Structures are given as C-alpha cells and as structure tokens.
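A short worksheet on the structure shown next.
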Protein chains: 2
Amino acid sequence: METQVLDAAEALFYERGIHAVGMDDIRASSGVSLKRLYQLFPSKEALVVGYLERRDERWRGRLAAYVAEHQGQPLLLIFDWLYEWFTEPDFRGCAFINSFGEMGTSSEPIMRIVRHHMAELRAYVIGLAGDVTLGEQIFLLIDGAITIAAITNDPAAAHRAKTAAAALIG
Amino acid sequence: METQVLDAAEALFYERGIHAVGMDDIRASSGVSLKRLYQLFPSKEALVVGYLERRDERWRGRLAAYVAEHQGQPLLLIFDWLYEWFTEPDFRGCAFINSFGEMGTSSEPIMRIVRHHMAELRAYVIGLAGDVTLGEQIFLLIDGAITIAAITNDPAAAHRAKTAAAALIG
DNA sequence: TATCGTAGAGAACGCTCGTTCTCTAGGCTA
DNA sequence: TAGCCTAGAGAACGAGCGTTCTCTACGATA
C-alpha cells in the first residue's frame, strides 16, 4: 500500500518534477484512493519527503553496493556506476538537486532531506578516500558530472570526471 | 520600462523560483501595469526566457571581465570569481540549473536557453584552457562547486575546486 | 436478515494564478 | 469646451490543484 504510493510518487515526481504532479496523478498511478493516500501521508509535502527519504537510502545503497562488489580503486568505481546510472533511459539528473531548484528554500522539511543526502554522500566519499581534501575534490567532480550529464544529456561526463579523479588521486 | 520589468523578474525569479512568483508580483515590484507587462512579454514563459537570456549575457560577461582584468592563471581566476559570487548575500545557486530542476523538460524555450548557457560557458573554459580535455575537467569542477555551494551554503567549495583545478593543470 | 461501519469514487470547496476585460480618469485635438 | 484616445487599476474569468466532504455499496456481525 505505502509501497505502491511511494513507487508512483517516485516515478512521477522524478520524471516530471514536483509541481507538475498532482495528488490525483499519484492516486491514478498508484491505484490508492485519495482518502487512503491522505491517511498514509497527511499532505503533499509529507509525501515528497517520504519519496526523497526512500530514494536517498536506495540511491546511496546501490552506489555503495556497486563499489563494494567490484574490483578496483573505489573512488574510480563511483564514476563507473555514475555512467551506468546516466545511461538509464529515465535518468533526469539528481532528484535532490532538482528538488532544491524547484523548492528554493520554501519547504524546510524538503531542504533538510536534500542537505542530508548531500552530507551523507560527501561523508561516504571522504571515507573511501581516507582523506578529507581528496574526498571533497571527488565529491565536487561527482556533482559536476551529475549536473552536466543531466542538462546536456551526455553520459560521457562520467568518463571525463573519472579521468579527472584519476589525476587527482595520483 | 522593459529594464524595470526584467530587473524585477530577475530579482524575484532568482530568489524565489519561477513557480513561486506570479505575474502580479512582477507588476507590484516593477511598477509596470499588467497591461503593459503583457505588451512587452506576451506570456510568463516569454518573460522567463527574457530574464534568463539577459542573465546569461551578464553573468558570462562579468566572469570574462574578471578573468581579463586580473593577473594569474585564467583558469584559476575563475574560482576566485566564483568565491566572490558565492559570498554575495543573495547567492542562491545557478539560475540555469535551478530553472532546469524547476521546469524539467516541460518548456522547450526555457530548456534551450539553459543548454545555451551551459554550452557557452563550456566553450569559454575550453578556450581558456587551450585544450578540450582539461577544459572539460575544469567545467566539471565549476558546476560541482556552484551546486555544492548553493545547497550546503558553503562558499569555500570554490577554494576546494580551485585546489583541484590547480592539481589538474599541473 | 437487519444494522452498522468502512472504504472508495468522485464531487465540492477554496485558493492561487495566468490572462483578459471593464471602467474610469486624464490629457490631447478641433 | 466637447469629444476621443490612451493607460492604468483592478475586477473577472477559467483552469489547476491541495484538501475535504458526501454518497453509495459492500462486508462483517449479531
């Protein structure tokens, strides 16, 4: 029930953006009645937060799993995984950066999860690097690659970022 | 007249985002009547395009002027300028990336100017670098720094990006 | 079987907003 | 002065949407 709602919310919000999707679209896509929907999530904002929280866990989980399961320099594996993500047909950039652009700072709960996502990703990368300075630099390349891949529709940004990362790692 | 409208539009759209600003807000802030406003820009979308086009020219003009007027490695001067920009009190990230997040791909004219801005910036950086590979890498760092500075509210992202750029330049 | 509670479908409500229309006042021409 | 054009203020219109309400039908219980 809640899973169906979050699945529909994630697909629609990520593809079309938050404003462009109405609660009735979520109802139609999930098959969950409006009444139930509001029992599960008392407002659209709560649903957006639920969507972003689940996406944050899953996105970071998939990245960490990829890095853990492959051979090679972990920091460089990140960019291989990014390339795979960028080439997925429904890739539309970072859900959190997009939500930030859409919401400005008008919704405090949404801003909190966006910043949380960024902080967790940053901490993960620094942990892999074993060095704050290097980790921060890799983090910059990751965000740059995501943004450029999304806007210019060019997954190869991941390759260029990987090359730069390799140079920084030395 | 048109200038007053664009000034108001830029201030409001950049600060609050596009959806959050109504045509009546533009009227109130610019002092230009709704009738005149629609004579100058036949729709809100046309006004947004006008805002982004003017901002694109001015933003890139200011960056290029800074680089031209200062001593040092031009590629590194970019990050000094970014730091100044990030510390302006009304800094809220890249207007183009934000508009992309807000509009998805729902407005073709807006997407065109967003992509144009990115392409021009990329070409400028590659020109300064004198080398496509290096230019692309610097471009990645620029976008990463802007995104991170905006979301984490941390202008020092410019310093970290500069350090990384210096390492890449060698 | 009769009654009650529940859940879903969708109408309704209130608000916002993009866009257009109306009304009025003021200034220019004959 | 009389008539006319313009421009602005703001009302009006229509659509979209978040949220709530109503009505109906069905299933469970005694």
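What you are looking at is a predicted structure, and each value in this text was computed from that prediction instead of being measured. Proteins get letters first, then strands, A, B, ... in listed order; numbering begins at 1 in each.
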> Which residue pairs pass the ring-ring contact (aromatic ring centres under 6.0 Å, His included) test when at least one of the two sits in residues 149-170 of chain A, sequence neighbours left out?
Replying inline: A/Tyr83-A/His159
> What are the residues of residues 15-45 of chain B, sorted by number, that bring a heavy atom to within less than 4.0 Å of DNA chain D?
Replying inline: B/Ser33, B/Lys35, B/Arg36
>> Working to the nearest 0.5 angstrom, can you tell me the gap between B/Ile169 CD1 and B/Gln137 CD?
In response: 10.0 Å
> How long is the span from the CG atom in A/Leu168 to the CG atom in A/Leu140, to the nearest 0.5 Å?
Replying inline: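 Those atoms lie 9.5 Å apart.
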> If we only count heavy atoms from C-beta on, is the A/Asn98 to B/Phe100 side-chain gap below 4.5 Å?
Replying inline: yes
>> Test your reading of the model: is there a side-chain donor-acceptor pair from A/Glu102 to the backbone of A/Ile18, 3.5 Å cut-off?
In response: yes
